[in-house]
Amino acid sequence: MSKLNSLFRKTNKSSSTARAVPTDDTSLEPGLKGHGTDNKPANTPIEQTRWNGWGNVNTNKKVSAHGAKLIKAHIGKTKKLPSVSLQEVLKTVPKSRLPSAITELDMVSTDSEVRLRHARGQSFPDWIAMHGGDFEVFPDGVAHPQSTADVQTLLQLAEEHDLIVIPFGGGTSVAGHINPQKGSRPVLTVAMSKMDQLIDLDTESQIATFGAGTQGPAVEAQLGEYGYRLGHYPQSWELSTLGGWIAARSSGQQSLGYGRIEQLFAGGTLVTPQGVLNIADIPASSAGPDLREMMMGSEGRAGIFTEVKMRVQPQPIEELFKVAFLPNWEAGKEVLRQAVQSNIRLSMLRLSNAVETDAHLHLGTSPSQFLAISTYLKARGLGSDKVMLTYGVSGDKAQNKLALTQFNKLLKQHGSVTGKITDIMGNVWAHGRFKFPYLRGTLWDKGIMVDTFETATNWNNIDEQMQQMQEAVKTSLADENEHVMAFTHISHVYKQGASLYTTYFFRAAKDHAMTLKRWQKIKHAASSSVANGKATISHQHGVGRDHAPYLAAEKGNLGIQVTRDMLKSLDPEQRMNPGVLLEEQQTS
Ligand SMILES: Cc1cc2nc3c(=O)[nH]c(=O)nc-3n(C[C@H](O)[C@H](O)[C@H](O)COP(=O)(O)OP(=O)(O)OC[C@H]3O[C@@H](n4cnc5c(N)ncnc54)[C@H](O)[C@@H]3O)c2cc1C
């Protein structure tokens, strides 16, 4: 109660900060209320989400007929894979192995559907398992703690009964972070969804304390009530959580303006098997290695974040998103590099290469809209090499005006085309940005398999890395005479370099197992293309199980050893999410 009192005491509700975020009725807009009862912003209940796919059961995204045709022109005719029913999978959930000391706790459920819904994330192998019905392993139970003390109790009992513990945020991992593995130790998944409230808001220091299980919309809705914003918008924002963002070192679409999670996470409470680690929220320190940095990216292996302190700021007065087209990739890349290196105050930059530009124009439009845009761009001299650049400003009007003036000058110097039509496209992007992930299910139902691969590298290696990554992906199924379609964008820029995000499409094979084999070949080819010491195995999705075999190429053997030793000092029995981040055998 005292914390809530302090929330109201410290917060000046009548502060002069205005809300800039549009408030139409789409449930995926930043700044809107969450889904709690009594108008209290809260997380989306897991039952309202798809058990075998992405997102809210009531949200869908159609693919245009000419968009699907374009993909099929690259990969060939496709056939849908069959999908098992929830009832069929529920029959495969075995009896829980948890001892009664655990199952008797009110916060622990051994219900089959609850266990099933916490067994898999959103990686490609997860989708194959969810549609093919072979989940392999289910957690033996799922705990829903409501406080740090609850989590301490759970870890204490986990030690007494020798359990494996898997921290679970939104379950949006795309790298196999939360999947239980076979082994003799029972598995308890700790789902953080009930710790979804703003606990304290210190407006003087601009630090908000939240339950670590708070999902994106609930974070912004609760801060929005006081005129504040975190500004972290990964594309999984609808369901992913603060704890997951910190533990997997996430990056949001407006990282240019608001920073990555590393800049936003101030400190907080991490419950480890060796005790509680309190990470101070001091703004900067030269007092030795930084515990805050050391625990970010720990992927559930060091402990469980329960309360996290986030660096927030007043909501912007004005926020705009726009689109520009440039003649080719080289011109677009130069605009990005020069904009970030000359400190133009934009909040986002995203550049699609020519193939992605063409695909987006097909996928996101009707044939008549496509024709109108193509004709408009052609009349202004842009051909098939054209690239689409999406950008945003968030701030007060004077700041935005200055940034747009500077940026427009840069755009013009590089032959850009902008106008009313591209402004509309910017708005369309902003309003639909969290709906893109729903396309995956729509394409899946057409037998079109889609996944992504992402990395980051320095500016001097961007072109070569993109080339290598795309070539590796495109040729990875040549032995089966299968074609893979691939395209790339940059969506996070830094003075020294940028992220590269490749999306690829391929055909489903005869069955789920063979389709998974195809994906494994593509994944290996893509992962090997970054194991060159110049690019990272992941810029934003983390390591999980899928990237763990490639981590040593980036960190070196000594780096892996240091990380292993650090984690072992907090978790000597290796009960916290073993096998994630660092490859190793479970002790059984
Ligand atoms: C459609 C889609 C789009 C995506 N877009 C982006 C994007 O734009 N940017 C980006 O960065 N990522 C993106 N991702 C990946 C994913 O959303 C991120 O990795 C995110 O950080 C995971 O958060 P989560 O809450 O879902 O965590 P989970 O998936 O539940 O868990 C991820 C890891 O964090 C650990 N963990 C979770 N909560 C805690 C806690 N409280 N304490 C300790 N450990 C914890 C888990 O054990 C696990 O190792 C996307 C995923 C999908 C499916």
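Note that ligands are numbered from 1 as they come in the structure, with each ligand's atoms numbered from 1 the same way.
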Which of parallel (below 30°), tilted (30 to 60°) and perpendicular (above 60°) describes H360 and F487?
perpendicular

For the residue pair H541 and Y501, does the interplanar ring angle fall in the parallel (under 30°), tilted (30 to 60°) or perpendicular (over 60°) class?
perpendicular

Criterion side chain to side chain donor-acceptor pair (under 3.5 Å) against W245, the qualifying member of S240, S251, S250, S236
S240

Please report whether the ring centroid of Y504 lies less than 6.0 Å from that of F124.
no

H524 and Y550 aromatic centres sub-6.0 Å
yes

Heavy atoms under 4.0 Å from ligand 1: which residues qualify?
W54, Q122, P167, F168, G169, G170, G171, T172, S173, V174, H177, I178, M192, A212, P234, Q235, S236, S240, T241, G243, G244, W245, A247, A248, S250, S251, E299, G300, G303, I304, F305, P437, Q540, H541, N577

Any cation-pi pair here, K61 with F436, using under 6.0 Å and within 45°?
yes

